[in-house]
Amino acid sequence: MSPVVARVVPDVTGLDKQFDYLVPDAWREDVGAGTVVRVGLAGRRVGGWVVAVGPPDPDVPAAKLRPLAKVTGHGPSAALIDLAAWASRRWAAGRLRPFLLAASPPRAVPALPAPAVTAGRPGPVDAGAARLLAGGGGVVRRPPSADPVPVVLAAAAVGPTLIVTPSVDQARLLGARLRRAGLSVAVVPRDWAAAAGGVDVVVGARAAAWAPMPVVGAVVVLDEHDEALQEERAPTWHARDVAVERARRAAAPCVLVSPVPTLNALDWAGDRVSAPTRNEERAGWPILEVVDRRNDEPWRRSLVSSPLIKALRDPERTVVCVLNAPGRARRLACRSCRALQRCERCQAAVAQTRDGLLRCARCGTERPVVCQVCGSSALVVLRPGVSGLREELEAAAGRPVVEITGDSADEAADAAAAVFVGTEAVLHRVPRADVVAFLDIDDELLAPRFRADEQALVLLARAARVLGPRADGGRLLVQTRLPHHEVLDAVLHADPGRLSGPALARRRELGLPPVRALAVLSGAGAEELAGALRTDPTVAVAGPADGRYLVRAADPDALGAALAAAPRPASRVRVEVDPPRI
DNA sequence: CGGACAAGCTGA
DNA sequence: CAGCTTGTCCGG
């Protein structure tokens, strides 16, 4: 018999090469593209993935070939390996490993269970979603508090369905409900083997876009707008885009579901959008109360307005206050000499931390609470942070106010209280409220990020979910100096579509996604890579600004091709394609 | 990534 | 010239 070799991607970080190994005759049946193996490499044993099997490469001297050391079990299928190669190019990763890792079981899977596919009618389906699924898929817009299950059931009626959600908790909860409805369900990564064997529904968080399925009948991405769907470390792959491409390759319909679909999703869908009726959508959003801060008396700097005080004082109501400013104070001035307090090293404004020190947000330098100009220790707060605000709110409310921070998890204190204050993390921690107040929504509306408008709307949709449908009587209170901003207008009319048009026009004007594809280069080698890309007529390079370069291309494919073609510098470069926060 | 090996520096 | 650090290359 002629020898058979396996091309293996070793599971070793920073090693983006593939190596050939002999497949022992006894294992020929067990080894194919996607098999997880162990191999000897440079004197040690490492895990790896077989990405291809075939005759020996004539460029590799036969004497160097060593046999595979062990067959561990099942891994990503050939189709997923191809998808990983696509993603590697799409997000300029230059390696397969991060994607193969996402597509692999958490533990060895020596054998797959038999398929467990049911044939039932588990419940009513969403008509709009069903229509889209029949036509290849699209965007399904549904109000914030709408139940996703009818959409999922519409997809499950088409065939084995892959569902991607932003969080593991959401996936588990949904999995349990679908199981109760009579479907066979695999929640990945836990039930990886069952998913690979074949079930009605595979559900999981971001990495579920890479879950194993013998047949992909339909794909659903829930809360498509949620930034948790994007990997934050490079390669910054987005589960929505992976899911869309996977569905396309499988010729399966894909639906992206969200109360506030992103421009990326709408751009992909074109006219394949299902929106609720005006009445349904209005019923699914809470009433918006806009507090116009331009009416504040000029001497009044407080973020606690009278409509907010009214809500705080009502003992019957659970109130959540959101301010994206951690710490005691964000901006301070000296009481005696009026000097704005800045960092002595880098001149940025200093903030006061929870433990009372002054800290520079840019360089991290800390100093005690002393005016750098006159030495006075009496400072006035120009702009409070969450910790400082808590006391002010408590005084106004006349009842306990609990600060919720990103890390603290004092469930007991949470349960006893009815007024909460925190950064946006508070919206993930408090399940239900009667009032959600954004103390300074302008922070979000005016944030210097190109997706600021979308992200502000996402925040408001999250609050809407905490408040429940309009019939529950919850109130979304926003304090602003921009009462007619498109984002607030969209929420006021419970019509996210009002933002899409103007926002897309701005993106077009500025050459930003989804109109053009974008990458950010940073790190020591950024300059060199940017220089190489400047000779490529298919991309436009801007910068440097803050040591970073922006690279634009007509679309993600062109961007990926240009980044793959440019020689990688020896020094480190971080390439962020579709940068989530710019 | 981690090991092997070569080149360069230091101290006696 | 041993002993050590730093850098570059390579693994099948």
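Computation of the quantities below employed the complete heavy-atom set of this structure, encompassing side-chain atoms and omitting hydrogens, waters and symmetry-equivalent molecules. Chain letters run A, B, ... following the sequence lines, proteins first, then strands; residues in each count from 1.
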inquiry  = With heavy atoms of chain A within less than 4.0 Å as the criterion, where does contact along DNA chain B begin and end?
reply    = B:dC1 to B:dG2
task = Scan residues 528-545 of chain A for pairs that pass side chain to side chain donor-acceptor pair (under 3.5 Å), counting only residues two or more places apart or in two chains.
result = A:D536-A:T538
N/O donor to acceptor pairs below 3.5 angstrom from side-chain atoms of residues 194-213 of chain A, sequence neighbours left out:
unit_1, atom_1, unit_2, atom_2, d
A:D200, OD1, A:T118, N, 3.1
A:D200, OD2, A:T118, N, 3.4
A:D200, OD2, A:T118, OG1, 2.4
A:D200, OD2, A:S184, N, 2.8
A:D200, OD2, A:S184, OG, 3.1
A:R206, NH1, A:A228, O, 3.0
A:R206, NH1, A:Q230, O, 3.0
A:R206, NH2, A:E231, OE1, 3.3

Atom-to-atom span, CZ of A:R44 to P of C:dC10 - whole angstrom = 16 Å
message = Using a 3.5 Å distance criterion without hydrogens, assess whether the side chain of A:D267 forms a donor-acceptor pair with backbone atoms of A:L263.
response = no
Short N-O contact, A:R90 and A:D578, less than 4.0 angstrom = yes
query = If you measure only the distance, is there a donor-acceptor pair under 3.5 Å linking the side chains of A:H225 and A:S258?
reply = yes
inquiry  = What is the distance, to the nearest angstrom, from the OH atom on A:Y21 to the P atom on C:dG12?
reply    = 6 Å
message = For C:dG12 and A:K17 - does any side-chain N or O of the residue sit under 4.0 Å from the phosphate oxygens OP1/OP2?
response = no
key: N/O donor-acceptor pair under 3.5 Å between A:Q341 side chain and A:Q372 backbone   = yes
Under the ring pair (Phe, Tyr, Trp, His ring centres under 6.0 Å) test, residues paired with A:W86 that sit two or more places apart = A:W91
ask   = Can you check the A:R97 CZ to C:dG11 P distance for me, whole Å?
value = 20 Å
Report each atom pair, protein N/O against N/O of nucleotides 5-9 of chain C, whose distance is under 3.5 angstrom.
none

Using atom types as modelled, flag every donor-acceptor pair under 3.5 Å from a side chain in residues 42-60 of chain A to any protein atom, sequence neighbours excluded.
unit_1, atom_1, unit_2, atom_2, d
A:W49, NE1, A:S104, OG, 2.6
A:D57, OD1, A:D59, N, 2.8
A:D57, OD2, A:R7, NH2, 3.4

